[in-house]
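Okay, structure first, notes after.
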Protein chains: 2
Amino acid sequence: MEKQQNLSKNQKIIFDLIDKSPEPLKAYSILFNVQKKGINAPLQVYRALDKLVEIGKIHKIESRNAFIACQNSSCQISKATAFSICESCEKVSEISNTKLSKYLSNFADEAGMKYSKYNLEFFGLCKKCKSK
Amino acid sequence: MEKQQNLSKNQKIIFDLIDKSPEPLKAYSILFNVQKKGINAPLQVYRALDKLVEIGKIHKIESRNAFIACQNSSCQISKATAFSICESCEKVSEISNTKLSKYLSNFADEAGMKYSKYNLEFFGLCKKCKSK
DNA sequence: TTGCAAATGTTATATTATTACATAGTGTTA
DNA sequence: TAACACTATGTAATAATATAACATTTGCAA
């Protein structure tokens, strides 16, 4: 089910960087880090990011304008994402909880409208920060 | 329970504008609209927005960098927000569904971590756009 | 009526993201 | 293989979003 071989040169460079990072990366920090590999312009980064998001290899943390690699092997395409974000150290983890994703994927509002996609961000203190 | 009287001059001008708007407003569109009222600089807008978000009078739609007035009278402070967003016409509505908010407020991840805050954005097509 | 916290005003600048246009690679199929 | 469509790349310029730093003013409680 892995599509990594399909990635183009720039997409691969940028995915690898994000995938290795322990924390979400911002576009211009990515740019800075890949300049030695010949990626010089913001647009090159944003184009790769757009594509990687589209195919579900990475997710955008909207509240932080930052990107992390998808941690969820069953998440072929990023239509249902949930994250936990520590407001102290900014650690971000992807939540893969079957009950939660089922609940949200099946959620219909008062008018019975169902949704094709959602993004959920939880905020709090991670274990480490809580015990400080 | 209304706190509107507490709003400062700039906060009130900006809240009124957002509250009257049928759609989420972006910071610089707000700036443009309040320049006749003597608010000249981005920072004046952002400061008011920050405060209004903090006290729960408005919410930020993170995926759109835009702001809407809180529709939920019981939402004194914006710690638990959910929105439906039409990907075609960009209509945004706040969802106030007791079951959903209870479910999410009580959600604890694998490690048992509970969260003090969340923001959920659903995407799909609104009724009008679906029938087109 | 002083003193503090919150809010305002102003300039400059940082950060995030897109437009526009030209070129090159990749895969399909006639 | 030639023609085509589609995707990706390269580059420059600029738009859109957001914050830093500093000076001043206002509201209100002790």
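Lettering of chains follows the sequences in order, A, B, ..., and the numbering in each one begins at 1.
If you measure from atom CG of B:Leu31 to atom C1' of C:dT10, you get 13 Å, rounded to the nearest angstrom. For B:Ile13 and C:dG9, the CD1 to C1' distance is 13 Å, given to the nearest whole Å. One can place CZ of B:Arg47 at 14 Å from P of D:dA21, the figure rounded to the nearest angstrom. Distance A:Leu25 CG to C:dT16 C1': 15 Å, rounded to the nearest Å. One can place CD1 of A:Ile30 at 14 Å from C1' of C:dT15, the figure rounded to the nearest angstrom. One interatomic measurement links the two molecules: CD of B:Gln11 to C1' of C:dA7, which rounds to 7 Å at whole-angstrom precision. Here the P atom of nucleotide C:dT18 and the CG atom of A:Leu49 are 10 Å apart, to the nearest Å. Put simply, CG on A:Asn40 is 9 Å from P on D:dA12, counting in whole angstrom units.
Salt bridge A:Asp16/A:Lys20: absent, no basic N to carboxylate O contact under 4.0 Å. Salt-bridge check for B:Glu121 with B:Arg64: failed, with every basic side-chain N at 4.0 Å or more from each acidic carboxylate O.
Proximity of A:Ser93 to A:Phe83: side-chain heavy atoms (C-beta onward) are nowhere separated by under 4.5 Å. Contact of the B:Asn40 side chain with the B:Val34 side chain is not registered, since no non-hydrogen atoms from C-beta on lie closer than 4.5 Å. Residues B:Phe67 and B:Val53 form a side-chain contact, since some pair of their non-hydrogen atoms from C-beta on lies under 4.5 Å apart. With a 4.5 Å cut-off on side-chain heavy atoms, A:Leu100 and B:Leu104 count as touching.
In this structure, A:Phe122 has its ring center under 6.0 Å from that of B:Phe107.
When distances are taken from the side chain of B:Lys51 to each of C:dA7, C:dT8, D:dG10, the shortest belongs to C:dA7.
The phosphate of C:dT8 (OP1 or OP2) has a side-chain N or O of B:Ser8 nearer than 4.0 angstrom. A sub-4.0 Å separation between OP1 or OP2 of C:dA7 and a side-chain N or O of B:Lys12 is absent. At the phosphate of D:dT9, neither OP1 nor OP2 sits under 4.0 Å from any side-chain N or O atom of A:Gln44. Close to C:dG9, at under 4.0 Å from its OP1 or OP2, lies a side-chain N or O of B:Asn10.
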**Complete:** Once base and sugar-phosphate atoms are separated, protein heavy atoms under 4.0 Å mark nucleotides 14-20 of chain D, 5' to 3', with B, S and - as ---BBBB

